[in-house]
There are 2 protein chains.
Amino acid sequence: MDQVNLKKLAKELNLAVSTVSRALRDSHEISSQTKERVRELALKLGFQPNPHASSLRQNKSKTIAVIIPEIENNFFSQVINGIESVTPSKGYHVLIYLSHEDYNKERDILQLLRNGRVDGIMISVSNTTSNYDHIDAWRQAGIPVVLFDRTSEELDVPNIMTNDAEMAFKATEHLLKRGCKNIAFLGMAGNLSISNRRKVGYLSALEKFKIATPPQIVELTSKDYTNREILRKLFQDQPRPDGIFAAIEKFAVNTYEVCKEINLHIPQDVKVISFSNLQAAALFDPALSTIIQPAYDIGREAASILFKLIEKKMLMPYEKKMILPSQLIERASTAVTGQ
Amino acid sequence: MDQVNLKKLAKELNLAVSTVSRALRDSHEISSQTKERVRELALKLGFQPNPHASSLRQNKSKTIAVIIPEIENNFFSQVINGIESVTPSKGYHVLIYLSHEDYNKERDILQLLRNGRVDGIMISVSNTTSNYDHIDAWRQAGIPVVLFDRTSEELDVPNIMTNDAEMAFKATEHLLKRGCKNIAFLGMAGNLSISNRRKVGYLSALEKFKIATPPQIVELTSKDYTNREILRKLFQDQPRPDGIFAAIEKFAVNTYEVCKEINLHIPQDVKVISFSNLQAAALFDPALSTIIQPAYDIGREAASILFKLIEKKMLMPYEKKMILPSQLIERASTAVTGQ
DNA sequence: ACATTTTTCGAAATCGTTTGCAAAGAAATT
DNA sequence: AATTTCTTTGCAAACGATTTCGAAAAATGT
């Protein structure tokens, strides 16, 4: 409506538009008196420069995009929180996109953003993504990209993640030390590198401790219903697993649900440990042993690295592949039961 | 870099820029043959119009902002999910801002957005917000605003929320019917209308059932540590509450933590019910009775209404104040114990 | 007093898209 | 055949901020 713009300020002050613009950007070629006059009026009228005009002229949007598979997941919420801990101070804005674990959506989103709407993107790929050309196209175009958590070895872009294999090893080792003989790994369908890392940790623990029973790798999805179906079958088979290592929180929840339903006792009949960022895990019945990922830090670091790229700063070697350690919290779901 | 724009397309096709533009927007004044030629090349070169140029020219950004107090809360995550269920099909983009329960941040964010960066905003106010002028300024400027969940009666903008008072009444009634004599209400500090609505429901239930013991209203914050401190004191006082009605999930979690710590048994010693959107509430020890808010629907409806405003459509009367019902799920934390 | 530098400011081009208006040609009407 | 109408296209002016270039004014040096 009565939008206040540079022209209006200039007219009011009897100055040229260019002078007003320079004054507000604190240019050295404007006298401090005029700067003061300009700033005063700008403040009084609540002037905010039109972002589209600036973006068009300067060819930068002061906006980044965050593309995640889903948001109803504590991990990703915490990551966003971490990202938001850096963006405002940089004067940046954050666009959120959900791929809903769908490669086509992910590709379309990236295509949609391909014309200056954002200065960089942070992405955690969907579990149906196996081709990374849509991401590589950005790298080729010279637009900063950072991958976090669900990363890819194929792409020459910074990866920020946690020590998945190591923690998966420890989780499996933990179950073995608590007496489990037959541990099943609940992984995500698809061939995400993160799932592979966790699977590798699981397998190498079994190998290191020379477990005779073959590994049991169960692939679950994002659908609670089918997951429970699969888990019911799993627990009916002989030999029944006496240890469950869930690669993601949702699968642990599904496991609890099914155990309750078919009257299997945790930890007596089966012990459970899971990657999870839920504060309430300690309140579960029984309290769930978890591997907590540094989600907030991952978001913060990933954003910081993205800004370094945007500002064309050099990255330190360790910033190209940053691994932030997770933490294993032992609780009742993996306790030894005397029987 | 080698950005493809209208000028490039025009030159390639030997057409005027305006013709290409019109062809891509499917204008009636362009022959179908040229349209075809233009579209073909545009597709081949992967042309995406520069959003800043369009926004500048058309004075609309195809972007909305969502301002929430925090994101590490299942409720708000689900709301965002609901919002995102409408935005892509409208060709809109979603900016996320966190006020961190800080009125000043909230005001600054709104100020920052005041120049066409967004076509509308959706906001759930912070609990330190008691003055609504910063929001009213938007309404006055004619830019669409929608409030959700944490709404305000003062403002003449659409409010989308749940039936807080009614459900608070039911929750309190539920505790009373399960034998509680001394129910404490855990509300949020500040004077949010949503807290008031829930408090009113609590009080009117006590009144209706002619409870002699005075109401006990406890104000908690977003800091776990201080909350636990306060709760410890609460449980030491005599008479000790035998029922807890938590207005938000976090407070129920804090209650569980403290009860575990000081060895109070739920539901024998104290029964607990809470507003909560956590799927895992059923897995708590004991399973937590909850009032589930239709978070996804709130997000979806709020976004739909915002788009109606943006498209300058008339709102139905019920859309100006939309109340979506919550659901009470009774679980073990409010079970009657035979003793 | 004159030349030179420095300071301060304005005019105009620019970013890429959209759109009002004019113009040219084809088709239809009289 | 002359006129009007319709279709299709191009030209040029927006949108608002930034920035290059250059001019005027002031300050400095000789």
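So you know, we letter chains A, B, ... as the sequences are listed, proteins then strands, and number each from 1.
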Salt bridge flag under 4.0 Å for residues A:D108 and A:K105: no
Rounded distance (Å) that lies between atom C1' of C:dC9 and atom CZ of A:R37: 12 Å
Donor-acceptor pair between A:E106 and A:T129 side chains, under 3.5 angstrom: yes
Using a heavy-atom cut-off of 4.0 Å across all strands, would you classify B:N115 as base, sugar-phosphate, or nothing? nothing
I'd like to know if A:E29 reaches the base of C:dC9 with its side chain, counting only an N/O donor and acceptor under 3.5 Å. yes
Distance in angstrom units between B:I30 CD1 and D:dT8 P, rounded: 9 Å
Hey, is the side chain of A:R117 pairing donor to acceptor with the base of C:dG16 inside 3.5 Å? no
Check this one for me: any side-chain N or O of A:R22 less than 4.0 Å away from OP1 or OP2 of C:dT8? no
Side chain to side chain donor-acceptor pair (under 3.5 Å) partners of A:Y296, counting only residues at least two apart: none
Do A:D119 side-chain atoms and A:K62 backbone N/O form a donor-acceptor pair below 3.5 Å? yes
Rounded off to whole Å, could you give me the CG-to-C1' distance for the A:N14 and C:dG10 pair? 13 Å
Quick one: is A:T34 getting a side-chain N or O under 4.0 Å of the C:dC9 phosphate, OP1 or OP2? yes
Write down the distance between NZ (A:K7) and P (D:dA13), rounded to a whole number of angstrom. 14 Å
Tell me: NZ of B:K8 to C1' of C:dT17, nearest whole Å? 16 Å
Please tabulate the protein-to-nucleotide N/O contacts below 3.5 Å involving nucleotides 23-28 of chain C, giving atom names and distances.
none

Without decimals, in angstroms, what is the distance between A:K60 NZ and C:dG16 C1'? 18 Å
Which whole-number value in Å describes the distance from B:N5 CG to C:dT14 P? 14 Å
Under 3.5 Å, is there any donor-acceptor pair linking the side chain of A:S18 to the base of C:dC9? no
For residues B:F307 and B:K313, determine if any side-chain heavy atom of one lies less than 4.5 Å from a side-chain heavy atom of the other. no
Would you kindly give the CG-to-C1' distance between A:L56 and D:dC15, to the nearest whole Å? 9 Å
Going by atom types alone, do A:N59 and B:Q3 pair a side-chain donor with an acceptor below 3.5 Å? no
Are A:S31 and C:dT7 close enough that a side-chain N or O sits under 4.0 Å from OP1 or OP2? no
Taking the basic N atoms (NZ, or NE/NH1/NH2) and the acidic carboxylate oxygens, is any pair closer than 4.0 Å for A:K90 and A:E311? yes
Short side-chain N/O contact from B:Q33 to OP1 or OP2 of D:dT8, under 4.0 Å: no
On DNA chain D, nearest-nucleotide positions of B:T19 versus A:R25: which is more 5'? B:T19
